[in-house]
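One structure below.
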Amino acid sequence: MNKSKVFLSAIALASAALVSSQASAVEIINNSTLELVDNFAEADGFFKSGHKGDTFVDNYSFTLSQAGEFAAGIFSVTGSAKTGLDITAFNLIDSAGSLFGGTLLSTGATDQWSLSSSSLNAGTYTLQVKGSIVGNTVGRYSTNIALAPVPEPETYAMMLAGLGLLGFTARRRNKKAAAAALAA
């Protein structure tokens with residue numbers, strides 16, 4: 001009877017350990033909206049201590065009112081590669097679900113990514129940050145978004161008309177100066 005109790009206790013203990021190890025890893029998902037102010041926005045991700053082994057997906061939605069050049073960067077600085085966060089992906093997703101992946105610049109104690117596009121159309125986009133929490137200490141990252149609007153066609157037309165007017169005025173002055181020089 002003692003052997004069966006020990007055997008059942010061992011099975012119960014092993015089952016509890018297996019269930020607790022599977023339940024400890026959590027995927028943390030955060031969704032929020034960014035507002036571009038003067039074509040710029042920034043966001044921070046912050047994770048309290050005690051999340052070692054958890055993964056995260058942070059989605060930041062924003063809307064571009066006009067087409068333009070897009071640039072974003074993200075960084076996380078920790079004491080070592082074994083503490084804080086490990087950023088594993090930095091993506092831009094358009095409303096059709098197309099994915100633009102970022103470029104890893106450094107990893108380890110400092111994780112840094114960049115993401116850019118020379119021509120984004122007006123519309124709704126999601127900036128996605130994925131990663132894992134590698135230590136029991138606090139983890140944090142910061143990201144910045146910047147947009148350089150592309151001028152509308154009307155702006156180019158006005159600029160060309162202005163240059164044409166300046167050229168016409170300069171040509172007229174040159175003709176007057178040449179006529180005055182011949183008369184003298």
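Position 1 is the first residue of the sequence, and the numbers go up from there.
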Looking at [X] and [Y], what are the two nearest heavy atoms and their distance?
X      : Y      : result
Arg140 : Ser76  : O-OG, 3.0 Å
Tyr60  : Ala43  : CE2-CB, 3.6 Å
Glu27  : Val57  : OE2-CG2, 3.6 Å
Thr78  : Gly84  : CG2-CA, 3.5 Å
Thr83  : Val134 : O-CG2, 3.4 Å
Asp111 : Ile87  : OD2-N, 2.7 Å

Subject >> Neighbour count above 12 (heavy atom, 6.0 Å) for Glu35 CD >> reply: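 No, because the 6.0 Å sphere around CD of Glu35 holds 12 heavy atoms or fewer from other groups.
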
**OP:** Report yes or no: do Leu115 and Leu64 belong to one cluster of Ile/Leu/Val/Met/Phe/Trp/Tyr joined by side chain heavy-atom distances under 4.5 Å?
**Re:**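 Yes.
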
Original post:
What about Ile74 and Leu105, same hydrophobic cluster or not, with Ile/Leu/Val/Met/Phe/Trp/Tyr joined at side-chain heavy-atom distances under 4.5 Å?
Top reply: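 Different clusters.
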
Roughly how far, to the nearest 0.5 Å, is the [atom2] atom of [Y] from the [atom1] atom of [X]?
X      : Y      : atom1 : atom2 : result
Leu34  : Ser61  : CG    : OG    : 8.0 Å
Gln128 : Thr143 : CD    : OG1   : 12.5 Å
Leu104 : Trp113 : CG    : CH2   : 4.5 Å
Thr126 : Leu99  : OG1   : CG    : 10.5 Å
Leu85  : Ser132 : CG    : OG    : 8.0 Å
Asn91  : Phe100 : CG    : CZ    : 11.0 Å

Is a donor on one side and an acceptor on the other found under 3.5 Å between the side chain of [X] and the backbone of [Y]?
X     : Y      : value
Ser80 : Lys82  : yes
Asn59 : Asn31  : no
Thr88 : Lys130 : yes

**OP:** For residues 69-88, pull every pair meeting ring-ring contact (aromatic ring centres under 6.0 Å, His included), keeping only residues two or more places apart or in separate chains.
**Re:**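 The answer is Phe62-Phe70.
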
Original post:
Under 30°, 30 to 60°, or over 60°: which ring-plane class applies to Phe56 and Phe47, parallel, tilted or perpendicular?
Top reply: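 Geometry flag for Phe47 against Phe56: tilted rings.
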
**OP:** Answer with yes or no whether the side chains of Ser49 and Asn136 bring together a donor and an acceptor at under 3.5 Å.
**Re:**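 No, because no side-chain N or O of Asn136 sits under 3.5 Å from a partner of the opposite role on Ser49.
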
Subject >> Non-neighbouring partners of Asp38 that pass salt bridge (Lys or Arg N to Asp or Glu O under 4.0 Å), sequence neighbours left out >> reply: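 Salt bridge (Lys or Arg N to Asp or Glu O under 4.0 Å) check on Asp38 returns nothing, list empty.
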
**OP:** Evaluate the criterion side-chain contact (heavy atoms from CB on, under 4.5 Å) for residue pair Leu127 and Phe90; output intermediate values, then yes/no.
**Re:** CA-CA 7 Å; Leu127 188 66; Phe90 187 50; 3.9 Å; yes

